[in-house]
Amino acid sequence: MNHLRFLTPQDMRILITLALCQLFFVGLAQDQQVKLLQNIKSRNVQTLDGLWQVIVDPLENGYYNHRYQPKDNGYFQNRKMESPSDLIEYDFDSDLELMVPGDWNTQDEKLYYYEGTVWYKRSFDFKKQKDMSTFVYFEAVNYEAKVYLNGTLVGEHTGGFTPFQFDITDLLQAEDNFLVVKVDNKRKREAVPTVNTDWWNYGGITRSVHLVNVPKTHIEDYSVRLSSDRKHIEGWVSLSVKRSGEKITISVPELKLNEVTVTDEQGRAQFKVSAKPKLWAPSDPKLYDVILSAGDETIKDEIGFRTIETRGTEILLNGEGVFLKGISIHEEAPFKTGRVTSAEECRILLNWAKDLGCNFVRLAHYPHSEDMVREAEKMGLMVWSEIPVYWTILYENPETYQNAEKQLTTMIQRDKNRAGVVLWSIANETPLSDARNSFLGRLATKARSLDDSRLLTAALDTHSGSFGERVIDEPMGEVVDVIGINNYCGWYYQDPEKCVDVTWRNTYDKPMIMSEFGGGALQGYHGNSNERWTEEYQEAVYKYNIEMLKKIDFLAGTSPWILMDFRSPRRHLKKIQKDFNRKGLISEQGQRKKAFYTLQEYYK
Ligand code: GCU
């Protein structure tokens with residue numbers, strides 16, 4: 001019997017609503033999934049780094065026709081003339097070239113201020129291997145990427161500082177593959193970050209690109225960590241297929257640990273074994289070889305074991321109180337400037353932080369490269385990792401939220417096995433509003449659902465009290481575990497010497513980190529300490545702010561702004577700034593300023 005005859009219009013409305021809800025939640029669930037191979041460096045990778053051929057395309061002529069409709073014969077086809085009468089008005093192989101990884105702004109002075117589309121093309125041969133899948137893995141592209149292989153769109157990605165991958169197995173050919181990427185770094189009001197930032201909008205394929213070859217059935221993701229009671233090593237391994245009964249082995253040879261387990265019907269295996277590893281700590285950043293195998297795949301990671309928690313206004317590392325002696329760092333390369341593009345440059349910056357006496361670095365204002373996080377961990381530096389929910393993004397816009405949540409999910413997914421990372425930060429200096437509170441509240445819930453083993457924080461402004469007494473009472477104090485506060489006493493307000501009299505009151509029984517303070521100086525410019533831009537003025541800002549910090553009994557750390565001068569489109573004072581924010585303790589040419597030693601003395 002056909003029931004439809006008896007459905008009333010009201011019934012139909014209910015059915016349609018239910019169907020739409022189902023679609024919405026399925027969509028949401030899928031949205032939360034980020035398929036990302038864990039620890040690609042340990043896999044069978046073929047690098048695509050090096051010179052790529054590029055076409056600078058400010059009007060996106062390689063993508064839209066003159067009626068502003070996407071064209072099917074766009075630059076992604078990498079066409080060549082076949083007959084002398086062919087009309088083709090582009091040619092990758094006789095145009096510009098750019099290094100990958102790298103921003104375009106510092107590689108070609110015509111691109112210094114460029115914001116728009118650059119088409120990148122890389123040709124390569126490929127030796128197919130039986131029963132293997134191949135992914136193209138981008139460590140970062142700023143800001144939007146459309147990726148094509150041999151003329152076919154394989155995927156798109158938004159977000160300038162998080163990795164992404166596409167399965168290209170079935171599109172690869174033995175010779176002359178051409179990978180084309182449409183990179184667009186135009187700033188957009190609804191983006192994350194939005195149109196105004198105090199850092200240069202470096203565009204390009206700014207981190208490495210890899211071809212990753214894995215068995216058809218492979219280990220896709222895993223988590224290995226110390227349990228909160230510090231008596232077990234626990235975690236999970238998930239395969240690329242939802243199949244139960246697959247054998248997984250997790251071993252830590254140095255601990256004589258060899259755990260065998262099997263997957264459930266989701267293709268995921270949990271484990272928890274008694275263990276007493278040497279704990280990771282800044283004084284002894286012990287990392288263990290962890291070997292994971294499934295089928296005919298074996299991958300190795302280097303993992304540290306530690307716990308991080310709070311007790312009242314204290315931060316506890318491995319159950320003991322710790323003060324985070326930090327410094328903030330942008331991903332600006334020393335000497336050459338532009339984006340950091342090598343592990344060596346990461347080590348230079350992190351060694352400068354070690355020279356300061358740091359045990360902590362705030363990697364501002366976006367997820368830095370995996371190299372940076374791994375090098376910090378090896379050097380015993382605790383890490384504050386952050387997504388670019390920065391200043392005045394559109395807190396009412398659902399797509400903006402989805403973008404922020406996806407960047408948060410990817411940041412946590414990539415670095416969840418890095419013991420060095422102790423803090424996830426969901427925001428920097430976000431203006432108070434109900435929309436902002438619910439936006440950040442949702443991000444906080446999401447972060448905790450992805451990782452309940454780290455502390456949650458945000459760099460906040462103070463909104464209450466007076467110049468004399470700052471009061472920490474803003475609503476995000478309820479949500480985070482650790483309250484980050486940015487405070488520019490002696491630079492944006494008050495004279496430096498007045499800072500010693502500023503007192504702080506915290507309405508939350510939670511630790512506070514002074515996540516920014518400081519001032520600018522041109523390295524080598526000297527004068528009286530009341531003369532703006534002299535090293536002496538910056539030294540006075542540090543001296544008096546440090547006196548103020550010493551009186552804050554709920555202070556658990558600080559990450560002054562900032563290790564090194566960095567390029568910003570907001571810094572126009574030609575004789576001093578030359579497009580650089582001069583709050584670095586070190587110039588971009590590696591020269592220390594007097595305030596470097598003031599902070600170093602405090603950390604001693
Ligand atoms: C802000 C912001 C930084 C900025 C700094 C400054 O607090 O968080 O991104 O560079 O202050 O004004 O120099």
Side-chain angles (χ1 to χ4, degrees), residues 142 160-161 187 191-202 326-332 337 339-340 349 361-368 384-393 404 423 425-432 436 440 457-463 470 472 474 476 480 482-494 496 499 502 512-523 532-533 535 537-538 541-542 545 548-549 557-573 576-588 593 595 599:
N142 188 43
F161 304 95
R187 286 164 297 116
V192 179
T194 184
V195 290
N196 64 328
T197 62
D198 194 19
W199 70 81
W200 205 264
N201 179 27
Y202 289 121
I327 191 74
S328 292
I329 300 179
H330 253 306
E331 201 176 35
E332 185 86 45
T337 77
R339 281 283 170 246
V340 167
L349 294 172
V361 287
R362 177 185 176 207
L363 300 185
H365 282 298
Y366 36 74
H368 287 219
W384 159 316
S385 221
E386 185 164 293
I387 52 171
V389 172
Y390 181 92
W391 289 355
T392 55
I393 65 163
L423 289 151
S425 169
I426 55 174
N428 180 75
E429 295 191 353
T430 50
L432 287 180
R436 167 262 200 183
L440 298 188
T457 190
L460 304 165
D461 295 308
T462 23
H463 305 276
R470 302 279 204 285
I472 300 170
E474 81 120 284
M476 287 316 294
V480 296
V482 173
I483 299 169
I485 295 287
N486 291 355
N487 169 59
Y488 279 92
C489 178
W491 183 260
Y492 288 122
Y493 30 79
Q494 293 169 281
C499 301
V502 174
M512 167 202 178
I513 287 179
M514 193 67 86
S515 38
E516 288 184 31
F517 73 87
L522 177 64
Q523 191 277 331
R532 190 73 72 161
W533 303 114
E535 287 194 35
Y537 189 104
Q538 185 190 45
V541 170
Y542 272 76
N545 272 279
M548 175 182 73
L549 294 184
T558 183
S559 49
W561 195 260
I562 186 168
L563 178 70
M564 186 185 87
D565 293 349
F566 62 95
R567 195 169 268 121
S568 164
R570 300 176 74 242
R571 307 300 174 174
H572 290 115
L573 185 58
I576 297 284
Q577 296 176 314
K578 306 180 185 67
D579 290 341
F580 275 81
N581 181 313
R582 294 286 178 206
K583 296 189 182 70
L585 292 173
I586 302 174
S587 76
E588 73 282 5
K593 305 173 193 174
L599 186 66

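Atoms within a ligand are numbered from 1 in the order they appear, just like the ligands themselves.
- Protein residues lining ligand 1, listed by chain and number: D198, H365, Y390, N428, E429, N486, Y488, Y492, E516, W561, F566, R571, N581, K583 [non-hydrogen atoms, distance under 4.0 Å].
- For the residue pair S587/D565, the side-chain donor-acceptor check at 3.5 Å is not satisfied.
- By the side chain to side chain contact (heavy atoms under 4.5 Å, CB included) test, T430 pairs with V389, Y395, A427, R436, L440, sequence neighbours left out.
- Under the salt bridge (charged side-chain N to carboxylate O under 4.0 Å, His left out) criterion, K583 pairs with no residue, sequence neighbours left out.
- Evaluation of the side chain to side chain contact (heavy atoms under 4.5 Å, CB included) rule for V482 yields T310, I315, L423, L455, T457, P511, I513 as partners, not counting sequence neighbours.
- With F517 as the partner, the ring pair (Phe, Tyr, Trp, His ring centres under 6.0 Å) test is satisfied by one option alone out of W561, Y542, Y492: Y542.
- Under the 30°/60° scheme for interplanar angles, the aromatic rings of W199 and Y366 are found to stand perpendicular.
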